[in-house]
Amino acid sequence: MAVAVVKSRALNGMDAPEVVVEAHLANGLPAFTLVGLPETEVKEARDRVRAAIQNARYEFPARRITVNLAPADLPKESGRFDLPIALAILAASGQIPADKFKHAEFAGELALTGELRPVRGALAMALATRKADRLLVLPAASAGEAALASGVETRGATSLLEVCAWLAGQGSLLEPESDPTPAAPAYPDFADVKGQAATKRALEVAAAGNHSVLMAGPPGTGKSMLAARFPGILPAMSEDEALEAAAVQSLNGGFRFEHWKRRPFRAPHHTASAVALVGGGGNPRPGEISLAHHGVLFLDELPEFSRQVLEVLREPLETGRITISRAARQADFPARFQLVAAMNPCPCGYLGHPTQACRDTPDQISRYRGRISGPLLDRIDIQISVPALTQDELMQAGAGEASAAIRTRVQAARERQMARQGKPNAALGTQEIDHHCTLDAASEALLKQAIVRLNLSARAYHRVLKLARSVADLAGCDTISTTHLAEAIQYRRQAT
């Protein structure tokens, strides 16, 4: 035949829209034209495809070849279209049969030798292919990742020749394992941290209700150490959570099987730009907040981040999503992360230290704290001070509680929340707060005093109630008592 049609997938945020690859062979001087809004790496497929076909011992047609990538208004990027382009050319020239093309989709980057290299976004493509009810053929290195999506038939190949042999009925393709059983995630242990019992308790409450945390304290008090161990006390990931997190990481080519069901932990440097944090680019890619989806985003030295960078966190902290808008396209990424931030109380770090004197003036301290806006602070549920360790605490051997024991309590509290309302306490809406966070007369009087003395905003008022609900869940109580509310209120006393 002179025309052949092969189906593939592009990437647009978390979506993988269908792309139809059409190859037409006509008489005339030999030429190879690619149309359909291809970007540079797609245009370069002409040379990769030519070399791969020849090295696979097929004949590259000496004719006028036109390859169209439809729809024409969808930008096409990366080398994922190499394999479908090569197959379309071979089918159009009659060198391979095309009867399986209707029920399958293909994606893969070709080496000059004809071998297949992995592609980004295999999991997103698999989820889209499942809706279309087709077979998905990918490079062997990407097929296992795509097989994590249940309900889609996936095949892996190592070379163009292997795919052509399968299409001709002369061989079979690898069927990847769809149920990986990696070892249990290994996290750093809380038992390594000396002292800081109050901070550990606050982090336990944060883990139970999925609350954000800001830790303020002098250098060397263990803030970064505690943050690195925080994922180890979070509840185990469900299948849906693991699949969502893996799909986002796959868009950047960062998914690894050994990280399956491991809570993401992202810790960008304070020189990171706003685009690096929330995502962006000509072809929008996920940023750090999306790569931390269902995990932890740790921002160390919070005031050192640019004010503009910090302000972009305000909307995702509320909605759990980020929308990247460009003139020609728009991309949606999930961003339901748990924020853990750390900072010093002043520029030199020793304000309030029992033995070290602070060298900063009140004006310097005020400017330093002013780098974090009030609206952003208002969105951080727990704000605590991390004191310097005493000599006795520092010298004694670490005898803290292990992460496994804390995680057991956190898991039980989270299960109570899911059974009661189907979501963590931090995600409760206003009406849900009124229904699930009711107070008795004594608790209402205490909260009224806190609103006046701490000048709590309406958002802070609701967050105190959600915190109190998490404290009560850890205690296994159905109702919020004054003890639970008092603990929640102390976490809203700004550490800065």
Exercise. Measure the spacing between CG of Leu299 and CD of Glu304 and express it to the nearest 0.5 Å.
Key: 12.5 Å
Exercise. State whether a side-chain donor-acceptor pair under 3.5 Å links Ser481 with His484.
Key: yes
Quiz item: Which heavy atom of Leu485 sits nearest a heavy atom of Ser443, and at what distance?
Solution: CD2-O, 3.1 Å
Quiz item: Can a salt bridge be assigned to the pair Glu401 and Lys200 using a cut-off of 4.0 Å between side-chain N and carboxylate O?
Solution: no
Quiz item: Would the number of heavy atoms belonging to other residues, nucleotides or ligands and lying under 6.0 Å from CZ of Arg359 be above 12?
Solution: no
Practice problem: Fit a plane to each ring of Phe298 and Phe265, take the angle between them on a 0 to 90° scale, and name the class: parallel (under 30°), tilted (30 to 60°) or perpendicular (over 60°). | Solution: parallel
Quiz item: Would you say the side chain of Ser78 lies within less than 4.5 Å of the side chain of Val119, judging by non-hydrogen atoms?
Solution: no
Exercise. Please identify each residue that fulfils side chain to side chain contact (heavy atoms under 4.5 Å, CB included) with Ala207, with sequence neighbours left out.
Key: Phe230, Ile233, Leu234, Val410
Quiz item: Please, which pairs that meet salt bridge (charged side-chain N to carboxylate O under 4.0 Å, His left out) have at least one residue in residues 425-445, sequence neighbours excluded?
Solution: Lys423-Glu432
Quiz item: What are the two closest non-hydrogen atoms of His211 and Ser470, and how far apart are they?
Solution: NE2-OG, 2.6 Å
Quiz item: Is the number of heavy atoms from other residues, nucleotides or ligands under 6.0 Å of Gln431 CD greater than 12?
Solution: no
Quiz item: How many angstroms lie between CG in Leu313 and CG in Leu302, if you round to the nearest 0.5 Å?
Solution: 8.5 Å
Quiz item: For Glu239 and Trp260, which heavy atoms make the closest approach, and how far apart are they?
Solution: OE1-CZ2, 3.7 Å
Exercise. Kindly compute the distance separating CD (Glu241) from NE2 (His294), expressed to the nearest 0.5 Å.
Key: 5.0 Å
Quiz prompt | Leu447 side chain near Leu465 side chain, heavy-atom distance below 4.5 Å | solution = yes
Quiz item: Tell me, do Tyr491 and Val213 make a side-chain contact under 4.5 Å, heavy atoms counted?
Solution: no
Quiz item: Excluding sequence neighbours, so at least two apart, what forms side chain to side chain contact (heavy atoms under 4.5 Å, CB included) with Ser457?
Solution: Asp378, Arg459, Ala460
Quiz item: Tell me, do Phe333 and Ile289 make a side-chain contact under 4.5 Å, heavy atoms counted?
Solution: no
Quiz item: To the nearest 0.5 Å, how far apart are CE in Met237 and NZ in Lys261?
Solution: 9.0 Å
Exercise. Could you list the residues that satisfy side-chain hydrogen bond (donor to acceptor under 3.5 Å, both in side chains) with Arg256, not counting sequence neighbours?
Key: none
Exercise. Only counting residues at least two apart or in another chain, list the ones meeting side-chain hydrogen bond (donor to acceptor under 3.5 Å, both in side chains) with Ser212.
Key: none
Exercise. Over all heavy atoms of both residues, which pair between Val464 and Ala488 is shortest? Give the atoms and the distance, please.
Key: O-CB, 3.6 Å
Quiz item: Does Phe190 reach the side chain of Ile406, with side-chain heavy atoms less than 4.5 Å apart?
Solution: yes
Quiz item: Is the closest side-chain heavy-atom distance between Arg9 and Arg80 below 4.5 Å?
Solution: no
Quiz item: What closest approach, in Å, do Ala413 and Ala208 show between heavy atoms, and which atom pair accounts for it?
Solution: CB-CB, 4.0 Å
Quiz item: Does Leu127 reach the side chain of Leu243, with side-chain heavy atoms less than 4.5 Å apart?
Solution: yes
Quiz item: Taking only residues two or more places apart in sequence, or in another chain, which ones meet Thr483 in a side-chain hydrogen bond (donor to acceptor under 3.5 Å, both in side chains)?
Solution: none
Quiz item: Any chance CG of Asp133 has more than 12 other-residue heavy atoms, nucleotides or ligands included, within less than 6.0 Å?
Solution: no
Exercise. Spell out, as yes or no, whether a donor-acceptor pair under 3.5 Å connects the side chain of Asn252 to the backbone of Gly254.
Key: no
Self-check item: Interatomic spacing from CD1 in Ile451 to CZ in Arg492 - rounded to 0.5 Å
Solution: 12.0 Å
Self-check item: Atom NE2 of His435: over 12 foreign heavy atoms under 6.0 Å
Solution: no
Quiz prompt | Partner of Thr129 under side chain to side chain donor-acceptor pair (under 3.5 Å), chosen from Lys7, Arg134, Glu105 | solution = Glu105
Quiz item: Could Glu77 and Arg120 be called an ion pair, given the rule that one side-chain N must be under 4.0 Å from one carboxylate O?
Solution: yes
Quiz item: To the nearest 0.5 Å, what is the distance between CD1 (Ile372) and CZ (Arg369)?
Solution: 10.0 Å
Quiz item: Any side-chain heavy atom of Arg321 sitting closer than 4.5 Å to one from Thr323?
Solution: no
Quiz item: Looking only at heavy atoms, which two atoms of Ala292 and Pro264 are closest? And how far apart?
Solution: CA-CB, 4.1 Å
Quiz item: Should the pair Asp192-Arg229 be classified as a salt bridge under the 4.0 Å nitrogen-to-oxygen rule?
Solution: yes
Quiz item: If you look only at pairs with a residue in residues 271-295, which of them pass as a salt bridge (charged side-chain N to carboxylate O under 4.0 Å, His left out), with sequence neighbours excluded?
Solution: Arg266-Glu288
Practice problem: Return the set of residues passing side chain to side chain contact (heavy atoms under 4.5 Å, CB included) with Ala140 (not counting sequence neighbours), or none when no residue passes. | Solution: Thr158, Leu174
Practice problem: With sequence neighbours left out, write down each residue that passes side-chain hydrogen bond (donor to acceptor under 3.5 Å, both in side chains) with Ser8, or none if nothing qualifies. | Solution: none
Quiz item: Can you list the residues that meet the salt bridge (charged side-chain N to carboxylate O under 4.0 Å, His left out) rule with Arg469, with sequence neighbours excluded?
Solution: Asp473
Quiz item: Is the backbone N or O of Leu74 less than 3.5 Å from a side-chain atom of Lys76, with the two atoms forming a donor-acceptor pair by type?
Solution: yes
Self-check item: For Glu487, all residues meeting salt bridge (charged side-chain N to carboxylate O under 4.0 Å, His left out), sequence neighbours excluded
Solution: Arg201
Quiz item: Going through the distances and angles, do Asn425 and Arg420 end up as a side-chain contact (heavy atoms from CB on, under 4.5 Å)?
Solution: CA-CA 10 Å; Asn425 289 330; Arg420 182 178 60 241; 3.2 Å; yes
Self-check item: Polar contact flag, side-chain donor to acceptor under 3.5 angstrom, Glu39-Asn283
Solution: yes
Quiz item: Under the salt bridge (charged side-chain N to carboxylate O under 4.0 Å, His left out) rule, what pairs show up with a residue in residues 305-315, not counting sequence neighbours?
Solution: Arg307-Glu311, Glu311-Arg314
